[in-house]
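So the structure is just underneath, and the comments pick up after that.
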Amino acid sequence: TNQYDKVTIVCDGTNWFVEEGSLATVSMVGLVKKNKYQRKVVSSDVTTNNTDYLTFNNLVVGKTYNLAGNMIFEYRADSGAAVQIRDASGGAGNLLTSLSFRDNDGSSVNSLDNAAFYFNFIASTSMVTFRTNNLGGTSYISATALDGGTIASYATITEMNNLDVTTDFT
């Protein structure tokens, strides 16, 4: 058994375990809470404009989260497809980011593109919603993976514990 700044670590002969202690802070060694995460997959093509199609609820206001994933857009000639990621439903609330593609070349060829995203944000409400925006013509968010993959459009949210905002990296 070893004790380090209010953290007790115990060995059973093979493995080490944290037995008790307080959470780590910027100035103190301690336990770090596990990061929870959840992935949601678009299960069918999203063809309706201005509709919420993926939502994560029960976020803690003031906590930092990471949102990462990939959206696959199928769009027709001279049209486009866009997604807004907002902190409220129905197109309300703050816009966290948007993903979009637009085909302006005048050809009749359909386009299939993907947009990967990865960003941190501090929750100002208890939800994050993905909402279609500017789906033109027969454009849609695809539930079919590119190149025979298994997952097409999806998002993963991860809570980010024990982060400290800094200006040290000037």
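The structure presented is a predicted model; accordingly, all values stated were derived computationally and were not measured.
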Inset, instruction - Working to the nearest 0.5 Å, report the span between CG of Asn35 and OH of Tyr65. - result: 10.5 Å
Inset, instruction - Find the distance between CG (Asn114) and CG (Asn70) and round it off to the nearest 0.5 Å. - result: 4.5 Å
Inset, instruction - Return the set of residues passing side-chain contact (heavy atoms from CB on, under 4.5 Å) with Thr167 (not counting sequence neighbours), or none when no residue passes. - result: none
Legend entry - Expected output: side-chain Lys40 to main-chain Thr156 donor-acceptor under 3.5 Å: no
Inset, instruction - Mind checking the CG-CZ spacing from Asn66 to Phe119? Nearest 0.5 Å is all I need. - result: 8.0 Å
Legend entry - For the student: nearest non-hydrogen atoms of Ser153 and Ile72, plus distance: OG-N, 2.9 Å
Legend entry - Expected output: side-chain Thr132 to main-chain Thr51 donor-acceptor under 3.5 Å: yes
Legend entry - Contacts of type salt bridge (charged side-chain N to carboxylate O under 4.0 Å, His left out), residue Asp52, not counting sequence neighbours: Arg131
Legend entry - Identified side chain to side chain contact (heavy atoms under 4.5 Å, CB included) partner of Thr129 from the options Ile85, Leu54, Thr55: Thr55
Inset, instruction - Identify, with sequence neighbours excluded, every residue that meets side-chain contact (heavy atoms from CB on, under 4.5 Å) alongside Ala88. - result: Ala92
Legend entry - Val128 backbone acceptor or donor facing Asp87 side chain under 3.5 Å: no
Inset, instruction - Drop me the distance from Leu95's CG to Asn133's CG, to the nearest 0.5 angstrom. - result: 9.0 Å
Legend entry - Listed partners of Ser43 passing side-chain contact (heavy atoms from CB on, under 4.5 Å), at least two apart: none
Legend entry - Closest heavy-atom pair and its distance - Leu67, Phe121: CB-CE2, 4.1 Å
Inset, instruction - Test Ile141 against Val83 for side chain to side chain contact (heavy atoms under 4.5 Å, CB included), laying out the working first. - result: CA-CA 9 Å; Ile141 309 303; Val83 170; 3.5 Å; yes
Legend entry - OH on Tyr53 to CE on Met71, rounded to 0.5 Å: 4.0 Å
Legend entry - ring-ring contact (aromatic ring centres under 6.0 Å, His included) against Phe117, all qualifying residues, sequence neighbours excluded: Phe130
Legend entry - Interatomic spacing from CD1 in Ile157 to CE in Met127 - rounded to 0.5 Å: 11.0 Å
Using a 3.5 Å cut-off and no angle test, enumerate the donor-acceptor pairs between side-chain atoms of residues 56-64 and protein atoms at least two apart in sequence or in another chain.
unit_1	atom_1	unit_2	atom_2	d
Lys63	NZ	Asn161	OD1	2.7

